Every structure is written in structure tokens, then in C-alpha cells.
Amino acid sequence: MNTIEQLKSLNQKSTSIAEHFPVISYIGDPVLRQKAALVSFDQGMATAKELADILIAYRTLTGSGRGLAAPQIGKAQAVFVTYTEDTIQIYLNPQLSIITEETNLYKECCISSNHLW
């Protein structure tokens, strides 16, 4: 497959994903740069359920995706979910507890950055 064919294939995949998940905010959307607001337990759990449903559907369609945060669906809330070992983990109002100088280089696979490219 030549470069043009590869780009066309990736474009078709991206379009299909965007059509299936119109709620996902992509890189450049201002909500992704806003400070996320703290949530009540009930509000956070409602958002977490929505995130989990989207993440599972996304994984079913694409075979990828490990986490999804509320800003990625247009909600500036401090809520995210992860999918590991066939289990959804819910995080409400998370806070960093340790900050180090250590860095880690890896390929970005964020759903909002359209990692297919």
C-alpha cells in the first residue's frame, strides 16, 4: 500500500470514528484546556457511567483506548475512567500526589488527538 492509499485508509477510519462518536472533543477544542471543576459523588458517577459507555463502545469499534476524561466529551469536570484488565476504574476529583523530574517518552494514544494519524 503506497502513502496515498495509507492516508485515504486512515482518513476513512477517522471519519467513521467521528461519525460513531460525535460527542468526543478533539485536539484544539477549548474544553480540553479548561480547568476541570470538582464534582459531587452523584454528578461524578453519572458522568463516569457516560464515559464508561463511550469508552467501551469506542474499544469495540477500534480495538484501542485505555481511558477517557470528562473534558474529552465536552464536560469540564474532574472525572475520568480507565479500562484495564477488562475492568472500568472510575476516578472522581483526582489530585496529583507526587511530582517527579522523571520523564517517560511514549507514543501518544489519546482518543482526542486522533492517534490513528
Side-chain angles (χ1 to χ4, degrees):
M1 183 182 298
N2 67 34
T3 303
I4 298 296
E5 290 170 340
Q6 289 175 331
L7 288 172
K8 285 181 180 179
S9 175
L10 288 172
N11 189 38
Q12 288 171 343
K13 287 179 185 177
S14 294
T15 300
S16 175
I17 291 167
E19 288 171 350
H20 279 88
F21 304 99
V23 69
I24 293 178
S25 300
Y26 291 98
I27 195 165
D29 189 317
V31 73
L32 298 174
R33 294 285 184 184
Q34 290 177 9
K35 181 175 171 86
L38 298 179
V39 294
S40 68
F41 180 80
D42 290 341
Q43 181 184 30
M45 290 304 289
T47 298
K49 179 177 181 348
E50 185 177 359
L51 290 168
D53 290 346
I54 293 167
L55 181 57
I56 290 169
Y58 185 90
R59 288 183 54 78
T60 299
L61 179 67
T62 67
S64 66
R66 286 280 175 211
L68 193 62
Q72 291 177 273
I73 63 166
K75 296 181 178 187
Q77 298 176 352
V79 179
F80 73 94
V81 298
T82 59
Y83 182 90
T84 54
E85 299 178 13
D86 296 326
T87 302
I88 291 286
Q89 297 290 322
I90 298 170
Y91 301 85
L92 306 180
N93 303 322
Q95 296 180 1
L96 291 176
S97 58
I98 299 172
I99 299 175
T100 70
E101 296 292 323
E102 187 177 337
T103 59
N104 183 10
L105 299 177
Y106 58 91
K107 181 181 175 191
E108 175 61 66
C109 291
C110 177
I111 292 169
S112 290
S113 70
N114 193 0
H115 62 86
L116 294 175
W117 292 98

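One is the number of the first residue; the rest follow in order along the sequence. All of these numbers come straight from a predicted model, not from anything done at the bench.
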## Note on the structure
Those residues at least two apart in sequence (or on a different chain) that pass side chain to side chain contact (heavy atoms under 4.5 Å, CB included) with Ile56 are Thr60, Ile88
### Message
Would you compute the distance between atom CD of Glu5 and atom OG1 of Thr3 and round it to the nearest 0.5 angstrom?
### Response
9.5 Å
### Query
What pair of heavy atoms forms the shortest contact from Phe21 to Tyr26, and how long is it?
O-OH, 4.5 Å
### Query
Atom CZ of Arg66 and atom OH of Tyr58: how far apart are they, to the nearest 0.5 Å?
13.0 Å
### Task
Sequence neighbours left out, what passes side chain to side chain contact (heavy atoms under 4.5 Å, CB included) with Thr100? Give chain and number order.
Ile98, Glu102
#### Entry: Contacts of Asp53 that satisfy salt bridge (charged side-chain N to carboxylate O under 4.0 Å, His left out) - sequence neighbours left out
Lys49
### Query
Sequence neighbours excluded, which residues qualify as side chain to side chain contact (heavy atoms under 4.5 Å, CB included) partners of Tyr91?
Phe80, Thr82, Gln89
Mind listing the side-chain donor-acceptor pairs of residues 27-48 below 3.5 Å, one per line with the distance, residues two or more places apart or on another chain?
residue, atom, partner, partner atom, Å
Asp29, OD1, Val31, N, 3.0
Asp29, OD2, Ser25, OG, 3.4
Ser40, OG, Gln43, N, 3.2
Thr47, OG1, Gln43, O, 3.3
Thr47, OG1, Gln77, OE1, 2.6

### Query
Looking at residues at least two apart in the chain, or sitting in another chain, which of them share a side chain to side chain contact (heavy atoms under 4.5 Å, CB included) with Ile4?
Asn2, Lys8
### Message
Let me confirm one number: the CD1-CG distance from Ile73 to Leu51, rounded to the nearest 0.5 Å.
### Response
4.5 Å
